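Working notes for the structure below.
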Amino acid sequence: MGSIQALRGTRDILPEETSSWQRVESVARSILGRAAYQEIRTPIFEQTDLFERGIGEATDVVGKEMYSFKDRGDRSLTLRPEGTAGVVRAFIEHGLYAQGGVQRLWYTGPMFRYERPQAGRQRQFHQLGVEVLGSVDPRADAEAIAIAADILRALGLKDLHLALNSIGNTDDRQAYRQALIDYLTPHQAELDADSRDRLSRNPLRILDSKDVGTQAVLQQAPNILEYLSPASQTRFEQVKKLLDTLGVTYQIDARLVRGLDYYTHTVFEIQSDNLGAQATVCAGGRYDGLVTELGGPATAAVGWAIGLERLILLLQQLQPSMVTKVDFYLVSRGEAAEAQALVLAQKLRQAEFSVELDLSGSAFGKQFKRADRSGAVACLILGDAEAETQTVQLKWLKTGDQTAIAQAELLSDPDTLRQQIIRSLNAS
RNA sequence: GCGAGCGUAGCCAAGUGGUUAAGGCAGAGGAUUGUGGUUCCUCCAUUCGGCGGUUCGAGUCCGCUCGUUCGCCCCA
């Protein structure tokens, strides 16, 4: 192709798809609003440092997936690869902690990671996420998880499962990490190359390797849940009990570790079997250390993010998106009539009807064909004869009934007109 | 970064060495110069992602390249 195309890993969301996106946003917005979450909008790029410190230098996201560049002032900037770091930065920068209590925030927008695109994964993708800052209470974890489940359910999604785990506090994880290294080191030869590599760098990540040999070795590996301190254990028990009480079903997955360094205690993923290799639609957890890590006061926090492309993939498996249809399709021909039609269209719109004005100037026959295809409820016809008398033909496309009516009269009683439209829509 | 598959019109496609690149949808015009969803007619790719090679001859074979899809890594 000689012409310019969208960059690898990016794509256009065309009109036939935008209604799905709008539906997701409006469902999420209303559920979050009822739970007292407030929207926050942060910049799409930040100082590179923020992500390096927040997400962790050893993670793949920071190590090889960031879109980083120098600006004209020689500052290193990065297109945000996830939403939490920016929200926490704003939380600290604006002293939101000073307002006391708990901050419940949500956001949505594009994220960027330099990866090879595949099913459910792009370089520019969109997330909708929440961050609950300022509570250690296990109820905060349970509430956040329940709300995520609510949003997915309200959208009609089924066959999702919630995988849950606790990775404890920093000390717990340190102890477990050592135990895992001790166990795996003698088995090094049986591990796949990637896992062998991670043994020194990031041993926890070996747990979710897809390699069968590695998985076999892991069968006998120590379980992280047995390395939790009594306090961490109690905390995890509380979260589980609260989810039970809420009727949220989950499976414990002791192999579930997340890829970003900031997680502590509760971690979870909501997965689908219908997404190919990238099964996770929503993921999150607790991150009690991140706010201090980024220079703020000690603040406990939980959050999650939904991958919107993946969500919409699932939605479209349920039902193809539908095109919005218009009340009136306005057909006109002849100079005077075309001018009157433009005015009539505007007046109808001001009266809150939806109107599509045919601009083609082609023969009436062609315009009718388009009226039909547009799915409009009724067609308005304005030709020389109507222009002369300031009237318009009103034709109900379902029945073919047609009457002449003065333009002024059409606009004089919008309520009756609206009822007629509804009646026509309901008639099969 | 690695592996595999695939690139023919706006979309779905047939074609697997001989040249006039099927067909369908969508689109444009007409039969019907002011009445749709049916029908009928006409038009709609000097060219097969790009470049180079093999051959008398390439959409078809080979090489490279770009794009895309799926998988690995990793993640939402």
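All heavy atoms count here, side chains included; hydrogens, waters and symmetry mates do not. Because the structure is predicted, anything quoted here is derived from the model rather than measured. So that the names make sense, note that chain A is the first sequence line, chain B the second, and so on, each numbered from 1.
No side-chain donor from either of A:D211 and A:S209 sits under 3.5 Å from a side-chain acceptor of the other. Side chain to side chain, A:D327 and A:S354 meet the donor-acceptor criterion of an N or O pair below 3.5 Å. Side chains of A:R23 and A:S19: a donor-acceptor N/O pair is absent below 3.5 angstrom, by distance only.
For A:R205 against B:C73, no side-chain N or O and base N or O form a donor-acceptor pair under 3.5 Å. Between the side chain of A:K64 and the base of B:G1, no donor-acceptor pair under 3.5 Å is found. For A:E65 and B:G1, a side-chain-to-base donor-acceptor distance below 3.5 Å is absent, hydrogens and geometry of angles not being considered. Residue A:Q367 places no side-chain atom within donor-acceptor reach of the base of B:U35, judged by atom type and a 3.5 Å distance cut-off alone.
Among the heavy atoms of the strands, none lies under 4.0 Å from A:L311. When heavy atoms are screened at a 4.0 angstrom cut-off, A:G400 is found touching base atoms of the nucleic acid. Within the nucleic acid shown, A:Q122 comes within 4.0 Å of at least one base atom, counting heavy atoms only. Looking at heavy-atom distances under 4.0 Å, A:G276 makes contact with sugar-phosphate atoms alone, never a base. Across all strands shown, A:E269 has no heavy atoms under 4.0 Å from either base or sugar-phosphate atoms. Residue A:A371 is classed as having no contact, given no heavy-atom separation below 4.0 Å to the nucleic acid.
Both A:C282 and A:A277 lie close to RNA chain B; mapped to their nearest nucleotides by heavy-atom distance, the more 5′-ward contact belongs to A:A277. Nearest-nucleotide mapping onto RNA chain B: of A:Y114 and A:A305, the residue sitting toward the 5' end is A:Y114.
Considering only side-chain atoms of A:R116, the nucleotide from B:G36, B:G27, B:G1 that sits closest is B:G1. The nucleotide whose nearest atom lies closest to any side-chain atom of A:D384 is, among B:G71, B:G36, B:G34, B:G34. If you check B:G37, B:C70, B:G29 against the side chain of A:D372, the one that comes closest is B:G37. When each of B:A76, B:G71, B:U33 is scored by its nearest atom to the side-chain atoms of A:Q118, the top-ranked nucleotide is B:G71. Candidate nucleotides B:G67, B:A76, B:C73 were compared by shortest atom distance to the side chain of A:D194, and B:C73 ranks first. The side chain of A:K210 has B:C72 as its nearest neighbour among B:G67, B:G34, B:C72. For A:R333, taking side-chain heavy atoms from C-beta onward, the closest of the listed nucleotides B:U35, B:A26, B:U33 is B:U33. The side chain of A:A283 approaches B:A76 more closely than any other nucleotide in the set B:A76, B:C72, B:G34. Of the candidate nucleotides B:G29, B:G34, B:G71, B:G29 has the atom lying nearest to any side-chain atom of A:K366. Looking at the side chain of A:R373, the nearest of the listed nucleotides B:A76, B:A26, B:C70 is B:A26.
The nucleotide B:G23 finds its pairing partner in B:C12, both defining distances of the Watson-Crick or G-U wobble pair being shorter than 3.5 Å. Across all strands shown, B:U69 is found opposite B:A4 as a Watson-Crick or G-U wobble partner, with both distances under 3.5 Å. In a base pair of the Watson-Crick type (N1 to N3 plus N6-O4 or O6-N4) or a G-U wobble (N1-O2 and O6-N3), with each distance short of 3.5 Å, B:U55 is matched with no nucleotide. Pairing of B:U42, defined by two Watson-Crick or G-U wobble distances under 3.5 Å, is identified with B:A28. Both distances falling under 3.5 Å, in either a Watson-Crick or a G-U wobble arrangement, occur for no nucleotide opposite B:U35.
Between the P atoms of B:C40 and B:A4, the separation comes to 49 Å (whole Å). For B:C6 and B:C75, the C1' atoms lie 26 Å apart once the distance is rounded to whole Å. Between B:U38 and B:U33, the two C1' atoms lie 23 Å apart (nearest whole Å). Straight-line distance between the P atoms of B:C2 and B:G17: roughly 34 Å, to the nearest whole Å. Remark: the separation of the C1' atoms in B:G27 and B:G63 is 40 Å, to the nearest Å. Using C1' as the reference atom, B:G57 and B:U65 are 25 Å apart when rounded to the nearest Å. Going from the P atom of B:C51 to that of B:U8 covers 16 Å, rounded to whole Å. Of the P atoms belonging to B:G52 and B:U47, the separation is 15 Å, rounded to the nearest Å.
A 4.5 Å side-chain heavy-atom check between A:V24 and A:L308 finds at least one atom pair inside the cut-off.
Going from atom CG of A:L397 over to atom P of B:G36 covers 11 Å, rounded to whole Å. Taking atom NZ on A:K369 and atom C1' on B:U32, their separation rounds to 10 Å, with Å as the unit. Put simply, OH on A:Y107 is 9 Å from P on B:A76, counting in whole angstrom units. If you measure from atom CG of A:D401 to atom P of B:G37, you get 17 Å, rounded to the nearest angstrom. In this structure, CD of A:E115 is placed 14 Å from C1' of B:C2, rounded to the nearest angstrom. At whole-Å resolution of the value, CD in A:E17 and P in B:C11 are 16 Å apart. Taking atom CZ of residue A:R370 and atom P of nucleotide B:A28, one finds them 5 Å apart after rounding to whole Å. One interatomic measurement links the two molecules: CD of A:E16 to P of B:G10, which rounds to 17 Å at whole-angstrom precision.
Residue A:Q251 qualifies as enclosed at atom CD: its count of foreign heavy atoms under 6.0 Å is above 12.
With A:R113 as the fixed residue, the side-chain contact (heavy atoms from CB on, under 4.5 Å) test singles out one of A:M66, A:R123, A:E82: A:E82.
Here the two rings, on A:Y250 and A:F268, have centers that are 6.0 Å apart or farther.
Using cut-offs of 30° and 60° on the angle between ring planes, the pair A:Y287 and A:Y263 is perpendicular.
Remark: ring of A:F368 stacked against base of B:U35; centroid gap under 5.5 Å, plane tilt under 30°.
Not one side-chain nitrogen or oxygen of A:R121 sits closer than 4.0 Å to the OP1 or OP2 atom of B:A76.
For the pair A:R418 and A:F353, the cation sits on the ring face: its NZ or CZ lies under 6.0 Å from the ring centre, inside 45° of the axis.
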